[in-house]
Amino acid sequence: MALTIYNSLTRQKELFTPIHPGRVTMYVCGPTVYNDSHLGHGKTYVNFDTMVRYMRYLGYQVLYVQNITDVGHMLDTGEDRMLKGSQREHMQPMQLAELYTRHYLRDMDRLNVSRPDIQPHASGHIPEMITWIQKLLDAGIAYEVNGSVYFSVPQYKPYGKLAGRRISEAQSGTRIDVLEEKRDPADFALWKKASPEHILRWPSPWGEGFPGWHIECTVMSIKYLGQPFDIHGGGVENKFPHHECEIAQAEAATGIPFANYWIHNGMLMIRGEEMHKSLGNYVTLAQAFEHWDPMVIRFFILLSHYRGPIDFTEEAIEAATKGLQRLTNLWQELNRRASNAAEGELSSQVKGLVDHTSRSVNESMDDDFNTPEAIAALFDMTREMNGILAGESLSRASLVYARDFLVRFVGDVLGITPPQETKQGDSDNTAGLVELLIESRNKLRQAKQWALADNIRDGLLALGIELRDGSDGTSWKCLH
RNA sequence: GGCGACGUAGCCAAGUGGUUAAGGCAGGGGUCUGCAAAACCCCGACCGUCGGUUCAAGUCCGACCGUCGCCUCCA
């Protein structure tokens, strides 16, 4: 089987064929860095990161580009988000952008989202944007009015092909005041003249101003990935108008297709509603991490298909926590046993189980990155492996074979970091002390001094160390 | 109003034409264990409603009900 991807452009699953065999060029719309990242960012970037990881696992050389928007865009209230943010925090706009870029990367690191290969900042690509706008003017598909430049939508026939709309259908002027200087209500800004109080401003052939909402993605993706490139991703809420405009700008200027595959991921909801500041249900990743382990949040996200919405509820997160524990318990147990297992041949039963699971998860991932189905197969394997583990002592080779599969798939592809190894060799003496207590407790148990033995176990548990008495001795793990 | 998505067991969530509808959580019953934890075994849905197509439909078509997104910055 081979990788198939649901392409928003054609509205169907298609066999993925990159432009250059063995290589993938991919662009995903990044955040506007004027505020802390929230759970919705978490879902989007975990979704796309997992795709990148899987394609790399398949052997593709992936070039992954994601922008950082730091130039500010006009809200319909006439305000600029970067400007608003800097006033709120009493900072210079670029200082604000730098601060929240760092926060964003910090949060993504905790979710184990691998960093994009290139993270171009919009503010660093103003000259390229100006050049591109000039191209559109030269092509006669854009026009200048009072120091601003607009894209003439009626002149670009394919407009609406991504979102499935016709411009005649668009209700114009119902909810926003149509700028009188635009020739058509559907026209969108490529360059806006800066008002005197606007700090974020750059010189251009049309006077001082700032770039329009969509031009940065068109210009930066093509600059680093070429035209066309393979995959363009982003949240569904950006399908229209943002992505539609990106296509229009790119293709109208050059006559060359923009991106071959468009991937849109579903939104994250909080108790059934879109997360929105005005609804008071806005949860930043930093806040979420205070309650839940970032790996639990990542796992929770992957438990649903990327294209669907996710409803973030405490109950669902709790279920994900338990499920992940089940998986990591096996991982940990394999590690523990492998460290002192006897040499021997690879068990054909284990090999069969692991190989079967490996094929199964690959098929699921090949089918439009179906992570929930792949995870179900992992749980099947977990159950059977636990059964085997309970019945016989396996050779080191068998344990390592199973463990390495988890490292490759759960670790490298799903991006779930392995359970922490017991801290042997750490600078502190925790491991030694715990082992000593276990030894003493087991002597008490042999003497049937249950109360004292339980006292030690309860005391350690209160300190976050859990003991498990097994047939082959007592193991322990830190609970945080 | 226009465009689009979705509605599967108490909760979360795969499955998109064909043997007994994955998996996780919660719940119930067992096994193991001094107890606990972990683990294993057993138990649950006829797929929003109503029609239609088909030898055969959660799975395709239509209508209706409900939820959500986009149409305005948004991951």
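Order of the sequence lines fixes the chain letters, A, B, ..., with proteins taken first and strands second; residue numbering starts at 1 for each chain.
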Applying the 5.5 Å / 30° rule, does A/F379 stack onto the base of B/G24?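 Given the distance and angle limits, no, they do not stack.
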Expressed in angstrom and rounded to an integer, what is the separation of [X] atom [atom1] from [N] atom [atom2]?
X      : N     : atom1 : atom2 : value
A/K477 : B/A39 : NZ    : P     : 9 Å
A/Q12  : B/G4  : CD    : C1'   : 16 Å
A/Q332 : B/A39 : CD    : C1'   : 14 Å
A/E244 : B/G2  : CD    : P     : 20 Å
A/K13  : B/A14 : NZ    : P     : 12 Å
A/R307 : B/A75 : CZ    : C1'   : 17 Å
A/I270 : B/C68 : CD1   : P     : 15 Å
A/M381 : B/G23 : CE    : P     : 16 Å

Tell me what [X] touches on the nucleic acid: a base, only sugar-phosphate, or nothing, going by heavy atoms under 4.0 Å.
X      : answer
A/F48  : nothing
A/D454 : base
A/D458 : nothing
A/G470 : nothing
A/H305 : sugar-phosphate
A/D469 : base
A/A377 : nothing
A/L268 : base
A/E237 : base
A/L389 : nothing

Does [N] have a Watson-Crick or wobble mate here (both distances under 3.5 Å), and if so which one?
N     : answer
B/U53 : none
B/C6  : B/G66
B/U31 : B/A39
B/U59 : none
B/U20 : none

Between [X] and [N], is there a contact of a side-chain N or O with OP1 or OP2 at under 4.0 Å?
X      : N     : result
A/R383 : B/A38 : no
A/N386 : B/C40 : yes
A/N238 : B/C74 : yes
A/N265 : B/A75 : no

Decide if atom CD of A/Q12 counts as having more than 12 heavy atoms of other residues, nucleotides or ligands within a radius under 6.0 Å. yes
Euclidean distance for [atom1], [N] against [M] (whole angstrom):
N     : M     : atom1 : answer
B/C11 : B/A5  : C1'   : 22 Å
B/G10 : B/U20 : C1'   : 24 Å
B/U53 : B/A14 : P     : 32 Å
B/A45 : B/A13 : C1'   : 13 Å
B/U49 : B/A57 : P     : 16 Å
B/C46 : B/G58 : C1'   : 9 Å
B/G18 : B/A37 : P     : 43 Å
B/G7  : B/G48 : C1'   : 6 Å

Looking only at heavy atoms, which two atoms of A/R298 and A/T50 are closest? And how far apart?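 Nearest heavy atoms, A/R298 then A/T50: NH2-OG1, 3.2 Å.
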Using heavy-atom distances to pick each residue's nearest nucleotide on RNA chain B, tell me which of A/H214 and A/S304 is more 5'.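 Nearer the 5' end of the strand: A/S304.
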First encountered from the 5' end of RNA chain B, between A/K43 and A/M269: A/M269
Taking only the side-chain heavy atoms of [X] (C-beta and beyond), determine which of [options] contains the nearest atom.
X      : options             : answer
A/K322 : B/A26, B/G15, B/C70 : B/A26
A/R441 : B/G24, B/A75, B/G34 : B/G34
A/R11  : B/G4, B/A13, B/C11  : B/G4
A/H38  : B/G23, B/A75, B/A14 : B/A75
A/C29  : B/A75, B/C25, B/A37 : B/A75
A/R445 : B/G24, B/A22, B/G34 : B/G34

Main-chain N/O of [Y] paired with [X] side-chain donor or acceptor, under 3.5 Å:
X      : Y      : value
A/R441 : A/A453 : yes
A/T25  : A/D230 : yes
A/T44  : A/H41  : no

Taking the six-membered ring for Trp, are the ring centroids of A/Y64 and A/F48 within less than 6.0 Å of each other?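 No; A/F48 has its ring centre 6.0 Å or more from that of A/Y64.
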Looking only at the side chains, is there a donor atom on one of A/T321 and A/Q325 sitting less than 3.5 Å from an acceptor on the other?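 No, because no side-chain N or O of A/T321 sits under 3.5 Å from a partner of the opposite role on A/Q325.
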For a ring pair (Phe, Tyr, Trp, His ring centres under 6.0 Å) check, start with the C-alpha distance between A/H243 and A/H264, then their side-chain angles and the critical distance, and finish with the verdict. CA-CA 10 Å; A/H243 296 328; A/H264 289 98; 5.0 Å; yes
Within 45° of the six-membered ring axis of A/F379 and under 6.0 Å from that ring's centre, is NZ or CZ of A/R326 located there? no
Quick check on B/G7: syn or anti? Syn means the glycosidic torsion is within 90 degrees of zero.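 Base orientation relative to the sugar is anti.
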